[in-house]
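As a basis for the values below, the full set of heavy atoms in this structure was taken, side chains included, without hydrogen atoms, waters or symmetry mates. Proteins come first, then strands; the chains are lettered A, B, ... in the order of their sequence lines, and each starts at number 1.
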There are 2 protein chains.
Amino acid sequence: MSDLLERLRGRGWRMTAQRRVVAEVLNGEHVHLTADEVHARAVAKLPEISRATVYNTLGELVSLGEVLEVTTDKRAKRYDPNAHRPHHHLVCARCGAIRDVHPTGNPLADLPDAERFGFTVSDVEVTYRGLCPDCADA
Amino acid sequence: MSDLLERLRGRGWRMTAQRRVVAEVLNGEHVHLTADEVHARAVAKLPEISRATVYNTLGELVSLGEVLEVTTDKRAKRYDPNAHRPHHHLVCARCGAIRDVHPTGNPLADLPDAERFGFTVSDVEVTYRGLCPDCADA
DNA sequence: ACTTGACTTAGACAAAGTCCATTGTAGGAT
DNA sequence: ATCCTACAATGGACTTTGTCTAAGTCAAGT
């Protein structure tokens, strides 16, 4: 499981009540919260926490590589704590539900040199779109 | 080439000076402008055009399937007139430059049933990330 | 040329996120 | 245990991106 808090403490991350709460909110699989959702849940545990702090903390967690930013729709960025295992996303086009998925194959190998335009390609992000079981009945 | 304007006229789209200008701005390959960029270029040709009209027109072009919305970064949506040929995107992580690419293989086939969570998967979007030749020298 | 419904406009509004000066505090030093 | 100080948190103003609306304008058919 390797708790997020454990890892952060181990990295000498200065611990405060606010940071602990944010780290607690971001735990588990298939977790993809917006900054505002993180803030809402953090407020439930620590009413004085401010929006700016949540943004700052999320930004730091991303810099540390402990959390990933996901932009599946045009709305708000989402934060995905499942950073230790590479994965892609499956998104419901209707309700926005997100699942982590692990496709076979390596898309990086599927991009011929002639299609790289001199870029140094280092990463691929794959987003599958469709309808979730709930939204398919309509 | 199949000009965008031609196609729109052929579809009985009501033509106005504003719509013509927007359609003219969106022409060519590897074009991925934000709404504001489209507006800026449109204003150069037709100073009275308003932001709302640009947004409306872009929205309609997307509905008509003549232009694609692309959200490569967390910032603004981008508009891609290259809708008649399916493609994916290669994005510079530093400067944001975007190229259209055509990888081999079919990522849809790479998602096992066990990884679909009951979704009806209909589409895949692949975004390659790296550094463009200009940004690689730094 | 007239009419009409669709198109355009300006500006108010909203959502997501950033910035900054001030205040507070974690954790090492004493 | 207490003190210091650099780092963190706060809240409010500000920015960016996008939506909405009421009123004015215009393309296209008759």
Side-chain angles (χ1 to χ4, degrees), chain A residues 5 8-26 32-64 66-80 96 98, chain B residues 5 8-26 32-64 66-80 96 98:
Chain A
L5 271 169
L8 291 170
R9 230 184 291 265
R11 297 177 69 157
W13 201 50
R14 181 166 167 179
M15 189 53 60
T16 68
Q18 292 83 347
R19 289 177 166 199
R20 176 165 31 249
V21 166
V22 170
E24 281 170 5
V25 167
L26 290 173
H32 308 89
L33 300 168
T34 65
D36 258 11
E37 286 165 354
V38 171
H39 180 238
R41 299 189 187 198
V43 163
K45 300 180 175 214
L46 184 70
E48 328 75 86
I49 194 170
S50 77
R51 267 175 8 102
T53 297
V54 171
Y55 277 104
N56 288 342
T57 305
L58 289 172
E60 267 182 77
L61 290 174
V62 170
S63 296
L64 290 171
E66 294 290 352
V67 165
L68 296 176
E69 266 182 17
V70 184
T71 56
T72 49
D73 56 13
K74 59 282 184 180
R75 315 274 293 165
K77 283 184 260 188
R78 294 180 172 275
Y79 294 87
D80 183 341
I98 304 177
Chain B
L5 271 169
L8 292 170
R9 229 184 293 265
R11 297 177 68 158
W13 203 49
R14 180 165 167 181
M15 189 52 61
T16 66
Q18 291 84 349
R19 290 177 166 197
R20 178 167 27 252
V21 165
V22 170
E24 282 170 5
V25 167
L26 288 173
H32 308 89
L33 299 168
T34 65
D36 258 10
E37 285 165 353
V38 171
H39 180 238
R41 298 189 188 197
V43 164
K45 299 180 175 215
L46 183 70
E48 326 76 87
I49 194 170
S50 78
R51 266 176 7 105
T53 296
V54 171
Y55 277 102
N56 288 342
T57 305
L58 289 172
E60 266 182 78
L61 291 173
V62 170
S63 296
L64 290 171
E66 294 291 352
V67 164
L68 296 176
E69 267 183 16
V70 184
T71 55
T72 48
D73 56 12
K74 60 284 184 179
R75 314 274 294 166
K77 282 184 260 187
R78 294 180 173 275
Y79 294 87
D80 183 342
I98 304 176

With a 4.5 Å cut-off on side-chain heavy atoms, are [Y] and [X] touching?
X: M15(A); Y: L5(A); value: yes
X: T57(A); Y: Q18(A); value: no
X: H32(B); Y: Y79(B); value: no

Measure the distance from [atom1] on [X] to [atom2] on [N] and round it to the nearest whole Å.
X: E69(A); N: dT18(C); atom1: CD; atom2: C1'; answer: 13 Å
X: W13(A); N: dG27(C); atom1: CH2; atom2: P; answer: 11 Å
X: E48(A); N: dG12(D); atom1: CD; atom2: C1'; answer: 18 Å
X: Y55(A); N: dG11(D); atom1: OH; atom2: P; answer: 16 Å
X: Q18(A); N: dG11(D); atom1: CD; atom2: P; answer: 10 Å
X: R19(A); N: dA9(D); atom1: CZ; atom2: C1'; answer: 10 Å
X: L46(B); N: dT25(D); atom1: CG; atom2: C1'; answer: 14 Å
X: H39(A); N: dT18(C); atom1: NE2; atom2: C1'; answer: 15 Å

* So what does T16(A) touch, heavy atoms closer than 4.0 Å: a base, only the sugar-phosphate, or nothing? -> sugar-phosphate
* Asked: Contact class for R75(B) (heavy atom, under 4.0 Å): base, sugar-phosphate, or nothing?
  -> sugar-phosphate
* R11(B) side chain vs L64(B) backbone, donor-acceptor pair below 3.5 Å ->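 Pair found, side chain donor or acceptor close to backbone of L64(B).
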* Asked: Looking at the side chain of S50(B), which of dT17(D), dA8(D), dA10(C) is the nearest nucleotide?
  ->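 The answer is dA10(C), which lies nearest to the side chain.
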* Structure fact -> Assign each of K77(B) and A17(B) the nucleotide of DNA chain D bearing its closest heavy atom; nearer the 5' end lies the nucleotide of K77(B)
* How far does OG1 of T53(B) sit from CD of E60(B), to the nearest 0.5 angstrom? -> 10.5 Å
* To do: Map N56(A) and R51(A) onto DNA chain C by nearest heavy atom, then report which one ends up closer to the 5' terminus.
  => R51(A)
* Residue met sooner reading DNA chain C from 5', once A52(B) and D36(A) are mapped to nucleotides ->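 Between the two, 5'-proximity favours A52(B).
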* Per the atom types in the model, does the base of dC7(C) pair as donor or acceptor with the side chain of R14(B) at under 3.5 Å? -> no
